[in-house]
Amino acid sequence: MTAEQLEEICFQIITYAGEARSCFIEALRHVKDADKTKARALLAEGNQHLIEAEKVHMQLIQREANDEPVEIKMILMHAEDLMMSADTIHILIEELIPLL
């Protein structure tokens, strides 16, 4: 894999995970306002973005599983960190909505 290919994959993860995180944070704001319907809608939208991020991320995992080297760069670490923080917020929102 070239450096450009890795960078493209990382930017895709960052884009999808960033969109997911934004949806989840907005959902959290609607939880605070007790708007369960809007919070659930944003949770679903964010979940779709997170699934796309995970699909792209899986490309890297598959390459590594096939003994293709995947260089660890700061941009990859950032992409993975953003994806994991989005996932954590997602889990928290799922737990908070039923409390409304």
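Residues F24 and L43 approach most closely at CE2-O, 3.5 Å, considering heavy atoms. Closest approach of A20 to G46, counting heavy atoms only: CB-O, 3.3 Å. Considering all non-hydrogen atoms of both residues, A79 and C10 come closest at CB-O, 3.8 Å.
Every pair passing side chain to side chain donor-acceptor pair (under 3.5 Å) that includes a residue from residues 57-78 is listed here, sequence neighbours excluded: H57-E80. Listed by first and then second residue, the salt bridge (charged side-chain N to carboxylate O under 4.0 Å, His left out) pairs involving residues 40-53 are E52-K55 (not counting sequence neighbours). Pairs of residues two or more places apart, or lying in two chains, that qualify as side chain to side chain donor-acceptor pair (under 3.5 Å) and include a residue from residues 8-36 are E8-Q12.
Put simply, M58 and I9 are part of two different groups of oily side chains (I, L, V, M, F, W, Y) that touch within less than 4.5 Å, one to the next. In the hydrophobic cluster analysis, where Ile, Leu, Val, Met, Phe, Trp and Tyr join through side-chain heavy atoms closer than 4.5 angstrom, I61 is grouped apart from I51.
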Taking only distance into account, with no hydrogens and no angle test, what donor-acceptor pairs under 3.5 Å do side-chain atoms of residues 86-100 form with protein atoms, sequence neighbours excluded?
from: T88; atom 1: OG1; to: M84; atom 2: O; distance (Å): 3.0
from: H90; atom 1: NE2; to: E94; atom 2: OE2; distance (Å): 3.4

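Here L82 is tied into one hydrophobic group with F11, I14, I75, each link being a pair of ILVMFWY side chains closer than 4.5 Å.
A search for side-chain contact (heavy atoms from CB on, under 4.5 Å) contacts involving Q5 returns M1, T2, not counting sequence neighbours. In this structure H49 satisfies the side chain to side chain donor-acceptor pair (under 3.5 Å) test with no other residue, sequence neighbours excluded. Taking the side chain to side chain donor-acceptor pair (under 3.5 Å) definition, one finds that K38 meets it with nothing, sequence neighbours left out.
The CD atom of E7 sits 11.5 Å away from the CG atom of L76 when rounded to the nearest 0.5 Å.
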